[in-house]
Enquirer: 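Have a look at the structure that comes next, please.
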2 protein chains.
Amino acid sequence: MGKSQNKREQILEIAERAVLAKGFGATSIEEIIAEAGITKSGFFYHFKDKNELALALINRYIDQDDALFDEIFNRADELSSDPLHSFLIGLKLLAEMLDNLPEGHPGCLVATFCYQERLFNKDVILRNKEGLLSWRTRFRGHFEKIAEKYPARDPVELDHLADMLSSTIEGGIVLSKAMGKPKTLSQQIMLMRSYVRLLFEPVPS
Amino acid sequence: MGKSQNKREQILEIAERAVLAKGFGATSIEEIIAEAGITKSGFFYHFKDKNELALALINRYIDQDDALFDEIFNRADELSSDPLHSFLIGLKLLAEMLDNLPEGHPGCLVATFCYQERLFNKDVILRNKEGLLSWRTRFRGHFEKIAEKYPARDPVELDHLADMLSSTIEGGIVLSKAMGKPKTLSQQIMLMRSYVRLLFEPVPS
DNA sequence: CAATTACTGTACCGCCAGTACAGTAATTTT
DNA sequence: AAAATTACTGTACTGGCGGTACAGTAATTG
């Protein structure tokens with residue numbers, strides 16, 4: 001290879017930060033290449049147009065998030081073999097991890113992209129949707145095992161419950177960012193955890 | 001007055017739709033004036049720059065949302081004088097109302113703006129934050145009355161619980177838009193309703 | 001030694017935000 | 001009836017950006 005090989009990765013990092021702070025349309029290629037120290041030709045060597053950058057950004061984001069959820073819930077499974085308590089531990093680990101980000105959560109690309117859908121082609125929109133669906137499948141798996149062992153105190157659809165975690169994270173990020181309070185996100189996750197406990201944990205009779 | 005008087009309002013309507021579909025930075029003044037049938041000078045007569053448009057948009061959005069919450073929760077108060085049941089009715093009315101929007105919720109300006117903060121000046125950011133804080137105060141009022149009468153089954157902060165409704169709405173809108181399923185939003189609100197019931201409603205011993 | 005990778009450099013087009021300022025038709029105030 | 005205000009139109013310009021095109025090049029790989 002020519003030189004760095006990681007210039008592409010650097011572009012993605014810079015672009016993600018800029019897109020989360022200003023939106024995709026307002027992020028200029030010029031500012032990205034200025035910060036990355038490359039020329040415009042260098043950028044268009046890696047991405048044939050801005051939409052290809054968007055696709056690479058969302059793919060990267062979803063892959064990273066998947067890896068993070070794997071790590072957290074695998075760790076939780078090591079700490080308890082009970083599906084309910086393992087999931088509750090996972091939510092706590094998630095909340096703690098998010099609380100330890102000094103600047104708060106930087107923002108979710110899925111959320112920004114859904115608020116700028118007119119800017120993207122079908123591939124990007126589809127990948128965004130797939131990310132959400134994969135998280136639904138993942139979390140639904142947890143709730144299926146929980147509901148098998150513990151009867152729910154209120155009849156709820158497991159798909160909706162699975163979506164609730166994605167929704168809580170998305171909503172929590174919006175409140176955190178808009179109010180300038182990083183802790184808000186973890187507080188919302190802990191509230192959802194409280195709901196899961198009330199819904200499934202047997203009353204200590 | 002010159003002619004229409006409502007051109008300003010028309011600009012705001014067109015701009016809001018465009019901003020929710022493409023982001024603020026990607027919404028050009030040219031397209032707004034083209035759709036409104038005015039000239040660029042006409043636009044700059046009403047708003048001295050794009051930031052003033054942003055401020056007018058967020059003010060309008062928050063005012064409309066406040067009016068909507070007033071209507072729904074006043075109506076709920078007419079249907080039950082009990083604070084818990086009145087709030088549960090309000091959540092149901094809200095979910096039903098959102099379900100009856102044929103195209104789904106168009107999106108929340110507070111959410112888009114928080115994902116594009118670098119584009120706005122302090123006034124806009126502040127107004128965005130104030131909107132969220134006013135909803136916290138509003139919903140906290142409901143939870144205070146509920147908690148006074150019914151002991152919570154889990155020790156939770158009322159501010160967090162109040163934020164949970166804003167968070168549920170924001171998260172639900174993101175999922176609805178990204179997945180192309182308008183019903184997701186009302187489903188999430190009904191899940192929050194289920195939580196409030198489990199948290200406060202006495203068990204029928 | 002040839003091909004590939006990862007770029008640089010130069011030059012250009014058309015669109016858009018924003019500025020400036022002069023003009024005007026209708027309405028309201030005095 | 002005259003003056004002022006409101007709500008615009010019209011024209012003309014600057015500078016920045018997305019995107020295209022294409023030629024060149026230094027390092028690495030097969």
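Reckoned from all heavy atoms, side chains included, excluding hydrogens, waters and symmetry mates. So you know, we letter chains A, B, ... as the sequences are listed, proteins then strands, and number each from 1.
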Enquirer: At less than 4.0 Å, is any side-chain N or O atom of B:Tyr45 found next to OP1 or OP2 of D:dC8? Yes or no.
Expert: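 For D:dC8, OP1/OP2 do not have a side-chain N/O of B:Tyr45 under 4.0 Å.
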Enquirer: Hey, does the side-chain of A:Lys40 have a donor or acceptor N/O within less than 3.5 Å of a partner on the base of C:dG9?
Expert: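 Flag unset: no donor-acceptor pair detected.
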Enquirer: Look at all strands and tell whether A:Lys50 reaches a base, only sugar-phosphate, or nothing, counting heavy atoms closer than 4.0 Å.
Expert: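 The residue A:Lys50 makes sugar-phosphate contact but no base contact.
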Enquirer: Between B:Phe139 and B:Phe69, how do the two ring planes meet: parallel, tilted or perpendicular, split at 30° and 60°?
Expert: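 Taking B:Phe69 first and then B:Phe139, their aromatic rings stand perpendicular (interplane angle over 60°).
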Enquirer: Does anything in residues 118-125 of chain B come within less than 4.0 Å of DNA chain C? Heavy atoms only, and list the residues if so.
Expert: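 None - not one residue of the stretch has a heavy atom sitting under 4.0 Å from the strand.
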Enquirer: Can you tell me which nucleotide in C:dT8, D:dT9, C:dC7 comes closest to the side chain of A:Lys7?
Expert: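 Of C:dT8, D:dT9, C:dC7, C:dC7 is nearest to the side chain of A:Lys7.
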Enquirer: Can you figure out which of D:dG18, C:dT19, C:dT8 approaches the side chain of B:Phe44 most closely?
Expert: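 The answer is C:dT19.
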Enquirer: Would you confirm whether A:Arg193, through its side chain, and A:Gly90, through its main-chain N or O, come within 3.5 Å as a donor-acceptor pair?
Expert: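 No: the side chain of A:Arg193 does not pair with the backbone of A:Gly90.
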Enquirer: For A:Glu157, look at atom CD and say whether over 12 heavy atoms of other residues, nucleotides or ligands are found less than 6.0 Å away.
Expert: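 Not more than 12 within 6.0 Å, no.
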Enquirer: State whether the distance check finds a donor on one side and an acceptor on the other, under 3.5 Å, for side chain A:Ser41 versus base C:dG9.
Expert: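 Side chain to base: pair found, below 3.5 Å.
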Enquirer: Starting at CZ of B:Phe43 and ending at C1' of C:dT19, how long is that distance when rounded to a whole Å?
Expert: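 For the pair B:Phe43 CZ and C:dT19 C1', the rounded distance is 14 Å.
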Enquirer: For the CD atom on B:Glu144, are there more than 12 heavy atoms of other groups (residues, nucleotides or ligands in this structure) within a distance under 6.0 Å?
Expert: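 Enclosed: over 12 neighbouring heavy atoms sit under 6.0 Å from CD of B:Glu144.
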Enquirer: Ignoring backbone atoms, test whether A:His46 places a side-chain nitrogen or oxygen under 4.0 Å from the OP1 or OP2 oxygen of C:dA6.
Expert: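 The answer is no; no side-chain N or O of A:His46 sits under 4.0 Å from OP1 or OP2.
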Enquirer: Walk me through it: do A:Trp135 and A:Val110 pass the test side chain to side chain contact (heavy atoms under 4.5 Å, CB included)?
Expert: CA-CA 12 Å; A:Trp135 293 328; A:Val110 173; 4.2 Å; yes
Enquirer: Counting N and O atoms only, with roles assigned by atom type, does the side chain of B:Gln116 sit under 3.5 Å from a partner on the main chain of B:Phe24, one being a donor and the other an acceptor?
Expert: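 Side chain of B:Gln116 to backbone of B:Phe24, a donor-acceptor pair under 3.5 Å: yes, one is there.
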Enquirer: Taking B:Leu133's backbone N and O only, do any of them form a donor-acceptor pair with B:Thr137's side chain (distance below 3.5 Å, no angle check)?
Expert: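 Yes, because the side chain of B:Thr137 sits within donor-acceptor range (under 3.5 Å) of the backbone of B:Leu133.
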Enquirer: Without decimals, in angstroms, what is the distance between A:Asp49 CG and D:dA21 C1'?
Expert: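 Spelled out: CG on A:Asp49 to C1' on D:dA21 is 15 Å.
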Enquirer: With a 4.0 Å cut-off on N to O distance, would you call B:Lys145 and B:Glu148 a salt bridge?
Expert: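 Judged by the 4.0 Å cut-off on N to carboxylate O distance, B:Lys145 and B:Glu148 do not form a salt bridge.
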Enquirer: Backbone N or O of B:Leu198 within a donor-acceptor pair of the B:Arg153 side chain at under 3.5 Å?
Expert: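 Yes: the side chain of B:Arg153 pairs with the backbone of B:Leu198.
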Enquirer: Take the C1' atoms of the five end pairs on each side of the helix from C:dC1-D:dG30 to C:dT30-D:dA1, derive the two axes, and give their angle rounded to 10 degrees.
Expert: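 Taking the rotation axis at each end, their angle is 20°.
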Enquirer: What residues from residues 26-35 of chain B pass a heavy-atom cutoff of under 4.0 Å to DNA chain C?
Expert: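 Going residue by residue through residues 26-35 of chain B, the ones with a heavy atom under 4.0 Å of DNA chain C turn out to be B:Thr27, B:Ser28, B:Ile29, B:Glu30.
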Enquirer: Answer yes when B:Lys177 and A:Glu170 have at least one side-chain N-carboxylate O distance shorter than 4.0 Å, and no when they do not.
Expert: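 Here B:Lys177 does not pair with A:Glu170 in a salt bridge, since their nearest N and O are not under 4.0 Å apart.
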Enquirer: Roughly, in whole Å, what's the span from CD1 in A:Ile38 to P in C:dG9?
Expert: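 Spelled out: CD1 on A:Ile38 to P on C:dG9 is 12 Å.
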Enquirer: Look only at the side chain of A:Ser186 and the backbone of A:Leu98, and say whether a donor-acceptor pair between them is shorter than 3.5 Å.
Expert: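 Pair absent, no side-chain N/O of A:Ser186 close to backbone of A:Leu98.
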